[in-house]
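Inspection log for the structure reproduced underneath, given as structure tokens.
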Amino acid sequence: MLYATRYAILKLHRFLLPSSNLLAFMPYAHRTRLCLLHSQPLPSRDAYKFDNVEDAVALFNCKVDMHPQPSIVELTKILGTIVKMKYYATAIHLYTHMESKGILPFSVTLNIMINCYGHAGQMGFALSVMSKFVKWGFKPSAVTFTTLMKGLCLNGKILDALYIYGKIVAKGFWFDEVMYGTLINGLCKSGETRVALQRLWKMEGQFVKPNLVMYNIVVDGLCKDGLLNDALDLYFNMLGRGISPDIVTYTSLIYGFCHAGQWKEAGLLLNVIFVKDISLDVYTFNIIIDALCKEEMLLQAHDLCDVMILRGQQPNIITYTILMNGYCLNNKVDEARNLFDMVIERGVVPDVWSYNILIKGYCKINRVDEARNLMKDMFRKNIVPNIVTYNTLVDGLCKAGRISSAREIVNEMHYCGQPFPNVTTYNIILDFVCKNQHLDEAIRLFKSLIFERRFVPNVWSYNILISGYCKNKRLDGAMNLLQDMFKNLDPNIETYNILLHALCDRQQLGKMSKT
DNA sequence: ATAGGGTTAG
């Protein structure tokens, strides 16, 4: 009898069993518990579905301890569902436990583990899984290599991903659509848009053709880099290939032109969308509302928000944050706050970003106590403040002259580590100390931070101090710091501006040409 | 069929 027929009959048989008929109407988690109680094998005909990780973990642990040992396929299925819920660390833990019990993985299990290590930021372990393929005689598949490349890209190792790509191609292995998609996205997200573009051009003549999403990824990358002509070239190239650009393509292009201040082009593209009768989505509206806000056209921005609702698109928390930011930029913090309160009343849940914008707004107009209250409000609502929240507040407190409160918060960050102070935090303090004419104290602080708190200064840290030296007419000190900076960092345009300004002031043009 | 990618906004 054919295997498929046997399987079909078996399935039917299972279904007709009275107990399983009853079970079919129960949530799967309950079925799991029932099966555990009666130590019956689970119906394996459908995929595992769990309401929460705990159930999945419980089932996995139960199966691992069973006698005789369960099939690795069953365990792999459970691992797969846990990974789909994004509990990578849990899956790694379970896998280790399984291996310690002497249960050996097979190729699919290993693929899952590479995925887990990639998301957990442990590429070293992911690579050691690769060697297990060889050790146990499994063949890495297209899935294996895709997963590995994605992990490398996620962890900023785009060069390694490209190396793997080169190796695979050199072996005469064909890249499929998914592999190319992974690589192109990885390249764009690592800022290597040009390489991604070259890859895309090369694909044109190959067996696997670039698809809409691949085009969109590269168009977006080009727009983010401000390479608008290239983005338009690619757009026309799509049209020529018979791939219709969608709302995502247009949204990326409009974003690019808006950010370049090329309103006419952005408007033309918007017109194309209307002519083609493509409906705008929330992203498109948000980008245009943001552009209007940045151009101080707050009324129009607000009107567009209403248009959005009329057209059946609900503004989301990002829309409201954009509007709030628009108000704050114009020092209309109370209006931003009114909007914020109204949004919450309407049942939209605020997030960290929306709080951060409002906190920044209050700090800017020196109402730091209201900023602090907002942070307390976050704790009440279980919205976890992030490093931006803390840095904004520390900066606000410093600028309001409340240095002891600022230091209190930084110390709290340092000892609780939730979040840890970063370069920006320390730069805010350095800037404050410098601006208040305590240059020598700032230098002392700078050195002690490096030695005691493992502070790694960036260009801005140096710029702050160099600027401090310049304002105190101590150009030698500024030059020494510049020398010091050259050891690890490249100065940026701001560094040169500060120095040129100071040197021009003293008309020491001879020194200027040296820098 | 248990495993792999994918685009836009603050």
Side-chain angles (χ1 to χ4, degrees), chain A residues 7 44-48 71-84 91 105-116 118-119 129 138 140-151 153-154 161 175-189 196 208 210-224 245-256 258-259 280-291 293-294 301 308 313 315-326 328-329 350-358 360 388:
Chain A
Y7 186 68
S44 58
R45 57 193 171 84
D46 48 10
Y48 286 105
S71 80
I72 181 63
V73 176
E74 285 295 302
L75 292 173
T76 303
K77 279 183 189 172
I78 304 174
L79 272 183
T81 58
I82 292 170
V83 169
K84 280 223 171 73
F106 76 117
S107 54
V108 174
T109 329
L110 295 178
N111 288 340
I112 292 176
M113 288 328 290
I114 293 176
N115 190 13
C116 287
H119 279 97
V129 176
F138 298 118
S141 64
V143 176
T144 316
F145 288 118
T146 313
T147 315
L148 185 65
M149 281 200 313
K150 190 193 168 194
C153 293
L154 277 176
F175 254 52
D176 66 19
E177 207 178 339
V178 179
M179 294 173 100
Y180 272 118
T182 310
L183 186 66
I184 286 174
N185 190 46
L187 284 167
C188 285
K189 295 286 151 17
V208 181
N211 60 24
L212 174 64
V213 178
M214 291 181 203
Y215 272 109
N216 283 349
I217 293 167
V218 181
V219 166
D220 182 62
L222 291 168
C223 288
K224 293 257 162 68
D246 63 356
I247 189 64
V248 177
T249 327
Y250 287 108
T251 303
S252 292
L253 287 167
I254 290 173
Y255 174 88
C258 281
H259 271 245
L280 301 186
D281 66 3
V282 190
Y283 291 88
T284 332
F285 276 111
N286 285 351
I287 287 167
I288 302 168
I289 291 173
D290 191 38
C293 283
K294 301 260 161 77
M308 200 174 159
Q313 291 283 0
N316 57 17
I317 186 63
I318 298 179
T319 322
Y320 294 121
T321 308
I322 291 168
L323 280 173
M324 278 163 47
N325 193 31
C328 286
L329 288 174
D351 62 2
V352 190
W353 279 66
S354 48
Y355 271 101
N356 287 353
I357 293 289
L358 210 50
K360 194 175 165 190
V388 178

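Just so we're on the same page: letters track the sequence lines, and every chain starts at 1.
- Using a 4.0 Å heavy-atom cutoff across all strands shown, A/Phe106 reaches at least one base atom of the nucleic acid.
- Inter-residue side-chain proximity for A/Pro140 and A/Phe145 is flagged as met; some heavy-atom pair is nearer than 4.5 Å.
- Proximity of A/Thr76 to A/Phe106: side-chain heavy atoms (C-beta onward) are separated by under 4.5 Å at one or more points.
- A/Asp246 and A/Asn216 are linked by a side-chain donor-acceptor pair at a separation below 3.5 angstrom, with hydrogens and angles left out of the test.
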* How would nucleotides 3-9 of chain B be written as a contact map, 5' to 3', with B for base contact, S for sugar-phosphate-only contact and - for no contact, using protein heavy atoms under 4.0 Å? -> BBBBBBB

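- Put simply, the residue from A/Asp220, A/Val219, A/Ile217, A/Leu183 that forms a side chain to side chain contact (heavy atoms under 4.5 Å, CB included) with A/Cys188 is A/Ile217.
- With sequence neighbours left out, A/Tyr320 forms a ring-ring contact (aromatic ring centres under 6.0 Å, His included) with no residue at all.
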